[in-house]
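These notes are about the structure you will find just below.
Below, each value reflects all heavy atoms present in this structure, side chains not excepted, and no hydrogens, waters or symmetry copies.
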Amino acid sequence: MQPSACAQACVPVSQATRARRMWMRCCVPRRFLSKGRGVRADDEMIQERGAHPMRKGFSGLYDAEAQGDNPFCGDMLSVRVAVRSGENGAVIERAAFDGYACTLCSACADALMQRVEGMRVREAETLSVEDVLALWGGLEVGRTRRGCVELPLIVLKRALALLQ
């Protein structure tokens, strides 16, 4: 078997560690190297937040509730919001979620519920998936895991739409 042109050009054969580093420099895109990588779904803070969410479970009265699921992952969420009247429109006083979800979905739901508390309903309705990813400092997810991040936002927007 012939070595690739890249291996012939830049990999010293005598040292395995150095060979791996050289291969990473010239064959692996820079965004996948540890220095330039953003937050990943298996990051410790996402695992911790998903295992111990602060906004999971309902208590007290709520003004709207919506449910949704992600059939690809098996996630099923229910979101409830309580609003109060403010000077510039309705303000989300409390937001919580419950249901069965993977760690990534649970962590994103928890972070989103925390973020929207105190936010005007109109502002919360304009949030995007990129905003949820930005809550984690630039979370990088693939196409299949994007649904896990998007589900809490979709269900939250359904609940806010019921307030109209």
Side-chain angles (χ1 to χ4, degrees), residues 20 24 27-164:
R20 183 175 182 278
M24 298 248 332
C27 298
V28 176
R30 190 177 284 294
R31 66 186 176 137
F32 292 114
L33 297 176
S34 60
K35 289 181 184 175
R37 186 174 66 198
V39 177
R40 294 175 28 149
D42 60 352
D43 191 88
E44 186 178 322
M45 67 181 174
I46 292 177
Q47 296 295 320
E48 180 63 29
R49 186 95 182 235
H52 307 288
M54 297 178 288
R55 302 288 192 281
K56 186 170 183 178
F58 303 129
S59 62
L61 298 174
Y62 285 83
D63 298 310
E65 177 183 7
Q67 298 174 354
D69 66 333
N70 178 0
F72 298 111
C73 191
D75 299 336
M76 295 181 72
L77 284 184
S78 183
V79 171
R80 291 183 184 176
V81 292
V83 297
R84 61 177 162 76
S85 297
E87 295 175 7
N88 299 325
V91 176
I92 299 172
E93 187 175 30
R94 288 178 298 138
F97 74 99
D98 207 353
Y100 174 79
C102 65
T103 303
L104 178 61
C105 185
S106 182
C108 288
D110 192 51
L112 181 63
M113 298 304 119
Q114 182 179 0
R115 172 67 181 97
V116 298
E117 285 184 0
M119 184 182 276
R120 290 190 318 218
V121 171
R122 275 184 255 146
E123 291 174 358
E125 290 173 334
T126 63
L127 290 173
S128 67
V129 177
E130 285 71 30
D131 295 325
V132 177
L133 296 171
L135 291 174
W136 296 105
L139 177 64
E140 294 178 358
V141 292
R143 188 173 39 172
T144 56
R145 299 291 283 176
R146 193 168 178 92
C148 301
V149 174
E150 197 170 18
L151 179 62
L153 182 63
I154 290 170
V155 179
L156 173 67
K157 287 184 177 185
R158 282 183 194 161
L160 295 177
L162 294 174
L163 296 171
Q164 310 281 321

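A pairwise comparison of heavy atoms in A96 and F58 identifies O-CE2, 3.5 Å as the closest pair. When all heavy atoms are compared, the tightest approach of A107 to G50 is CB-N, 3.7 Å. What you find for W136 and A111 is that their closest heavy atoms are CZ2-CB, 3.9 Å. Of all the heavy atoms in R146 and V141, the pair that sits closest is CA-CG2, 4.0 Å.
Separating the CG atom in D131 from the CG atom in L112 is a distance of 9.5 Å, to the nearest 0.5 Å. To the nearest 0.5 Å, atom OG of residue S128 and atom CG of residue L153 are 7.5 Å apart. A distance of 7.5 Å separates CG of N88 from CZ of R122, quoted to the nearest 0.5 Å. Here the CD-NE2 distance, from Q47 to H52, works out to 10.5 Å after rounding to the nearest 0.5 Å. For the atom pair CG of L135 and CG of L127, the computed distance is 8.0 Å after rounding to the nearest 0.5 Å.
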Exercise answer: donor-acceptor pairs, residues 64-84 side-chain atoms, under 3.5 Å, sequence neighbours excluded:
from: E65; atom 1: OE1; to: R80; atom 2: NE; distance (Å): 3.4
from: E65; atom 1: OE2; to: S78; atom 2: OG; distance (Å): 2.8
from: N70; atom 1: OD1; to: F72; atom 2: N; distance (Å): 3.2
from: D75; atom 1: OD1; to: C102; atom 2: N; distance (Å): 2.8

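Note on residues 96-120: pairs passing salt bridge (Lys or Arg N to Asp or Glu O under 4.0 Å), not counting sequence neighbours, are R49-D110, R55-E117, R120-E123.
Side-chain N or O atoms of K56 include one that pairs as donor or acceptor with a backbone N or O of G99 at under 3.5 Å.
By the 4.5 Å heavy-atom criterion applied to side chains, L160 and V116 are not counted as neighbours.
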